Amino acid sequence: MPTETEIKCRLQPQQVAALATLLDTLAQPQGHSTLKNRYFDTPQNALANARAALRIRDNNGQCEQTLKTRGTSVAGLQQRGEWNWPLTGAALDLTLLQQDEVTAHWPAGVQASELAEIFATDFNRQRWLWQQDNAQVEIVIDTGTVSTGKKSVPLCELELELQQGDAAVLWQLLQQLSEQVPLWLSDVSKAERGYRLAGLSRSWQETVSFSRDEDLAQVLPRWLNAGLQQWQRALEACLWDNDSAAALTALQHWQALRQLPQQAGKVLKRRDTKALREALDIWQAPLQQLATQAQLLAYLNSADEPGQTAAERKALQQQVQQQLQTIRNDAQLAQAGSAVAGALHTLVWPESTGATAARWLRHALQQQAPLLQRLHDQRPQDEEQWRGRQHDMALLCQSCDYLRGRPELGQGLGINGAGIGEGTLRVLVDMLHAQTLLQRPWPLAPLTGPDGQELRPLADYAGWAVEHLAQLAREL
């Protein structure tokens, strides 16, 4: 099966010219092209649900049919099966999908006869060929739109596709380019953006399954990679799609990425994760700011009297937009994001630890689960008490997330001997979000009105969070 190995990044349109000028000095220009693409699926989105994509591309009158099957994304490096067939016209050729190699990877249950056009992507492509020693990489910049019906969204991305050599050169090249232009790793394909725009996308959640006797050294990389994907996707939704709630999810998965190597110290030595931890640490302050803004905005939007919080909402929304633009322009933060992925990609794992992931997770839950009973029975009354539990709650939330892969491991560990399930995890996540308003020092500038006066004391926001936390504790 032909395999595509690439790194995809997003960038701002106003920075394309600078990046193109840089690439002209580093690689061999391969010209420009205008590409029109139509994507096909069944009425039930069977291909999308199987993480496959089928398209017809028109390149200045030359048409090509492409199938991409379910792939993997490991530490930001994307790999998936891909077939390309030249066409004599712009009509879908279903006979090409009946080839033996294709049918072996065609998603089960998908009826090719039901395929119809769902959305389109139209963009201009600039290409370069980069070569060094035995390595060869195709570099493309795509700028255009993703559209369906009357709706469209802009498209601006960089792709580094390995043609020859070791995948490590992709990271080296990305770091070199990122020194000049902020390049943001993206795990979201053009096809996925099209499905979202059409309102046909499914929620994305990575659950790592593992067998009861599987060694921790085999499962730990999958947990870390899933955490990286969840962090990157949430961060991308926040920075580029103005999804403020995604900032809270990004902080949650950042915490898991930062904590897991320390928890699994017998598998990964501290010196081995230094680059990973240092890159993650660069993101701590901006993530805390974004998450605090998101939680505060949620409280302001849910106020019983919206008119009383209108000025605060306006001031906060302005602050959020300024913060997002500052981050999008920050090359150091973009580099740190790719450095996290690169550090995970280069980690060397032992073949075995002698400990199973199931036993390790069960032991962690046994140590952390008593916190649930304490929260239920004692219900802390002030913000200092809640702050004192924040770290332990983050660890428990992280373990419950891993528990999705083996839910039976949570039996008998909840409140009064009940199991730990999805409902418990949802409450814990809400608690983590509420606690962002209890950070000290306060990570945001005061919200002020047109006269420059502070609109509300900080203690009020903390009071809202404490009241919400007490309510959540009753729901456990």
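What you are looking at is a predicted structure, and each value in this text was computed from that prediction instead of being measured.
Ion pairing between a basic and an acidic side chain is recognised when a charged N comes within 4.0 Å of a carboxylate O; Lys190 and Asp142 show such pairing. With salt bridges taken as basic N to acidic carboxylate O contacts below 4.0 Å, none links Arg127 and Glu159. Under a 4.0 Å N-O distance rule, the pair Glu312/Lys314 does not qualify as a salt bridge. Under a 4.0 Å N-O distance rule, the pair Arg404/Asp401 qualifies as a salt bridge.
No side-chain donor from either of Gln378 and Gln385 sits under 3.5 Å from a side-chain acceptor of the other. Donor-acceptor pairing under 3.5 Å is lacking for the side chains of Ser186 and Gln232. For Gln295 and Thr436, the side-chain atoms include no donor-acceptor pair closer than 3.5 Å. In this model, no donor atom of one side chain and acceptor atom of the other lie less than 3.5 Å apart for Gln255 and Gln398. No hydrogens or angles considered: nothing links the side chains of Thr145 and Asp122 as a donor-acceptor pair under 3.5 Å. Gln175 and Ser338 share a donor-acceptor pair across their side chains, judged by distance under 3.5 Å alone.
Here the shortest heavy-atom pairing between Ser147 and Leu197 reads CA-CD2, 3.7 Å. In plain terms, the two heavy atoms of Ile327 and Trp184 that are nearest each other are O-CZ2, 3.0 Å. Between Pro370 and Leu365, the shortest heavy-atom contact is CD-O, 4.5 Å.
Side-chain atoms of Val153 and Leu155, non-hydrogen and from C-beta on, never get closer than 4.5 Å to each other. Side chains of Cys156 and Val16 form a contact here, defined as non-hydrogen atoms less than 4.5 Å apart. Residues Leu23 and Ile141 meet the side-chain proximity criterion, which asks for heavy atoms closer than 4.5 Å. Under the 4.5 Å side-chain criterion, counting only non-hydrogen atoms from C-beta, Leu290 is in contact with Leu324. At a threshold of 4.5 Å between non-hydrogen side-chain atoms, the residues Leu26 and Gln176 count as touching. The closest side-chain heavy-atom distance from Leu158 to Lys8 is not below 4.5 Å. Side-chain contact check for Leu296 versus Leu300: some heavy-atom pair is nearer than 4.5 Å. Side-chain atoms of Gln229 and His253, non-hydrogen and from C-beta on, never get closer than 4.5 Å to each other.
Applying the side chain to side chain contact (heavy atoms under 4.5 Å, CB included) criterion to Arg426, with sequence neighbours excluded, gives Glu422. Contacts of Asp460 classified as salt bridge (charged side-chain N to carboxylate O under 4.0 Å, His left out), with partners at least two apart in sequence or in another chain: Arg456. In this structure Arg440 satisfies the side chain to side chain contact (heavy atoms under 4.5 Å, CB included) test together with Glu383, Arg387, Trp442, Leu458, Ala462, sequence neighbours excluded. Every ring pair (Phe, Tyr, Trp, His ring centres under 6.0 Å) that Phe119 has, sequence neighbours left out, goes to Tyr39, Tyr195. Annotation: side chain to side chain contact (heavy atoms under 4.5 Å, CB included) contacts of Asn124 (sequence neighbours excluded): Thr34, Thr143. With sequence neighbours left out, the ring pair (Phe, Tyr, Trp, His ring centres under 6.0 Å) criterion links Trp360 to Trp223. Shown here are the salt bridge (charged side-chain N to carboxylate O under 4.0 Å, His left out) partners of Glu214, two or more places apart in sequence or in another chain: Arg222.
Within the structure, salt bridge (charged side-chain N to carboxylate O under 4.0 Å, His left out) pairs that include any residue of residues 280-299 comprise Arg258-Asp281 (at least two apart or interchain). Residue pairs meeting the ring pair (Phe, Tyr, Trp, His ring centres under 6.0 Å) criterion with at least one partner in residues 372-397, sequence neighbours excluded, are absent. Applying the ring pair (Phe, Tyr, Trp, His ring centres under 6.0 Å) rule to pairs touching residues 449-476 yields Tyr299-His468, Tyr461-Trp464, sequence neighbours excluded. For residues 304-323, no residue pair satisfies the ring pair (Phe, Tyr, Trp, His ring centres under 6.0 Å) rule, not counting sequence neighbours.
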Which atom pairs, one a donor and one an acceptor, fall under 3.5 Å between side chains of residues 329-336 and the rest of the protein, sequence neighbours left out?
| from | atom 1 | to | atom 2 | distance (Å) |
| --- | --- | --- | --- | --- |
| Asn329 | OD1 | Gln12 | NE2 | 2.7 |
| Asn329 | OD1 | Gln325 | NE2 | 3.3 |
| Asn329 | ND2 | Gln325 | O | 3.3 |
| Asp330 | OD1 | Gln332 | N | 3.0 |
| Asp330 | OD1 | Leu333 | N | 3.1 |

Item to check | salt bridge (charged side-chain N to carboxylate O under 4.0 Å, His left out) assessment of Arg233 paired with Glu192 | outcome: CA-CA 12 Å; Arg233 279 176 165 265; Glu192 185 173 342; 2.8 Å; yes
Next on the checklist: Please determine whether side-chain hydrogen bond (donor to acceptor under 3.5 Å, both in side chains) holds for the pair Gln439 and Thr292, giving the CA-CA distance in whole Å, both sets of side-chain angles, and the decisive distance to 0.1 Å.
Outcome noted: CA-CA 9 Å; Gln439 296 178 71; Thr292 302; 2.7 Å; yes
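The backbone N or O of Thr148 sits nowhere less than 3.5 Å from a side-chain atom of Ser152 that would complete a donor-acceptor pair. In this structure, the side chain of Asn301 engages the main chain of Leu297 through a donor-acceptor pair within 3.5 Å. Not a single donor-acceptor pair under 3.5 Å links the side chain of Asp241 to the backbone N or O of Asp243. Side chain of Thr273 to main chain of Leu276: no donor-acceptor pair is present (N/O by atom type, distance under 3.5 Å, no hydrogens or angles). Side-chain atoms of Thr326 come within 3.5 Å of backbone N or O of Gln322 as a donor-acceptor pair.
Put simply, CD on Gln126 and NE2 on His32 are 4.5 Å apart, with the number rounded to the nearest 0.5 Å. Leu251 CG to Gln289 CD: the interatomic distance, rounded to the nearest 0.5 Å, is 11.5 Å. The OG1 atom of Thr353 lies 3.5 Å from the CG atom of Asp215; values are rounded to the nearest 0.5 Å.
No more than 12 heavy atoms of other residues, nucleotides or ligands shown are found within 6.0 angstrom of CD on Glu467.
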